[in-house]
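Following: one structure in structure tokens, then a few remarks.
Side chains are part of it too, since the values below use all heavy atoms of this structure and drop only hydrogens, waters and symmetry mates.
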Amino acid sequence: QVQLVESGGGLVQAGGSLRLSCAASGRTFSTWAMGWFRQAPGKEREFVAAITWIGNIPFYSDSVKGRFTISRDIGKNTVYLQMNSLKPEDTAVYYCTARQSPGGLFQLHDYDYWGQGTQVTVSS
């Protein structure tokens with residue numbers, strides 16, 4: 001079984017920064033892409049960012065483009081999300097996700113594995 005373990009969430013003031021990490025472990029699996037979704041209270045889980053393992057191509061939602069940066073370390077099977085200029089509306093539980101084969105990146109059903117989530121709270 002593959003496990004995705006997130007870390008780096010917390011409480012920060014508006015305008016501040018946080019860096020999330022997600023490490024994949026467990027049985028060997030091939031990674032085609034990893035990404036981040038988030039879910040705010042009372043809202044649906046939404047796409048935030050994704051990155052392809054080969055090609056290192058990033059994708060972002062419009063709401064975070066220019067403020068968040070996704071990156072990956074293939075040797076560590078880890079994906080990162082650097083979040084700058086945080087806003088109160090970024091408050092949510094952030095979930096790491098991974099898919100093994102080429103395909104879509106923006107929908108929940110595109111992914112094979114999910115982490116447990118890490119809370120990010122941005123105070124105004």
Side-chain angles (χ1 to χ4, degrees):
Q1 182 70 17
V2 173
Q3 293 180 327
L4 302 179
V5 179
E6 303 104 333
S7 61
L11 173 64
V12 64
Q13 288 188 330
S17 299
L18 282 174
R19 188 193 194 207
L20 305 183
S21 300
C22 173
S25 63
R27 67 175 178 88
T28 302
F29 78 111
S30 61
T31 305
W32 185 74
M34 291 185 73
W36 295 91
F37 281 68
R38 67 186 181 187
Q39 188 166 17
K43 295 188 176 181
E44 294 185 349
R45 196 172 297 189
E46 64 175 5
F47 171 79
V48 175
I51 189 165
T52 61
W53 235 232
I54 304 300
N56 197 23
I57 302 172
F59 299 85
Y60 300 97
S61 67
D62 288 342
S63 61
V64 307
K65 197 174 296 182
R67 300 187 298 121
F68 291 10
T69 301
I70 190 170
S71 61
R72 91 284 187 263
D73 184 326
I74 293 178
K76 295 181 179 180
N77 244 2
T78 298
V79 65
Y80 305 96
L81 187 67
Q82 177 66 43
M83 305 184 295
N84 298 329
S85 302
L86 282 161
K87 305 175 181 179
E89 50 264 44
D90 294 317
T91 295
V93 177
Y94 284 70
Y95 296 90
C96 173
T97 188
R99 67 168 294 150
Q100 296 180 258
S101 58
L105 292 171
F106 307 118
Q107 307 297 324
L108 297 175
H109 60 75
D110 288 331
Y111 291 88
D112 304 303
Y113 303 103
W114 290 85
Q116 293 299 308
T118 185
Q119 177 69 47
V120 171
T121 303
V122 184
S123 62
S124 56

Please find the pair of heavy atoms, one from [X] and one from [Y], that lie closest to each other, and give the distance.
X	Y	value
Phe68	Tyr60	O-CE2, 3.3 Å
Ala24	Leu4	CB-CD2, 3.5 Å
Pro58	Ile70	CB-CG2, 3.8 Å
Ala49	Leu81	CB-CD1, 4.1 Å
Thr91	Ala40	O-CB, 3.6 Å

Atom [atom1] in [X], atom [atom2] in [Y]: separation rounded to 0.5 Å?
X	Y	atom1	atom2	result
Asp112	Ser101	CG	OG	6.0 Å
Trp36	Leu20	CH2	CG	4.5 Å
Asn84	Leu18	CG	CG	9.5 Å
Ser124	Glu89	OG	CD	10.0 Å
Ser61	Arg38	OG	CZ	6.0 Å
Arg19	Ser7	CZ	OG	9.5 Å

Do [X] side-chain atoms and [Y] backbone N/O form a donor-acceptor pair below 3.5 Å?
X	Y	value
Glu6	Cys96	yes
Arg72	Trp53	yes
Tyr80	Thr69	no

Who clusters with Leu105? Use side-chain heavy atoms, under 4.5 angstrom, across I, L, V, M, F, W and Y, and order the result by chain and number. Trp32, Phe37, Phe47, Ile57, Phe59, Val93, Tyr95, Phe106, Leu108, Tyr111, Trp114
The residue among Gln3, Gln100, Arg99 that forms side-chain hydrogen bond (donor to acceptor under 3.5 Å, both in side chains) with Tyr113 is Gln100
Heavy atoms from other residues, nucleotides or ligands near CD of Gln119 exceed 12 (cutoff 6.0 Å): yes
Give a yes or no on whether Ile54 atom CD1 has more than 12 heavy-atom contacts from other residues, nucleotides or ligands under 6.0 Å away. no
Linking I/L/V/M/F/W/Y whenever any side-chain heavy atoms sit under 4.5 Å apart, do Ile74 and Val5 land together? no
Could you list the residues that satisfy salt bridge (Lys or Arg N to Asp or Glu O under 4.0 Å) with Arg67, not counting sequence neighbours? Asp90
Kindly determine whether Lys87 and Val122 satisfy side chain to side chain contact (heavy atoms under 4.5 Å, CB included), including the steps that lead there. CA-CA 6 Å; Lys87 305 175 181 179; Val122 184; 5.5 Å; no
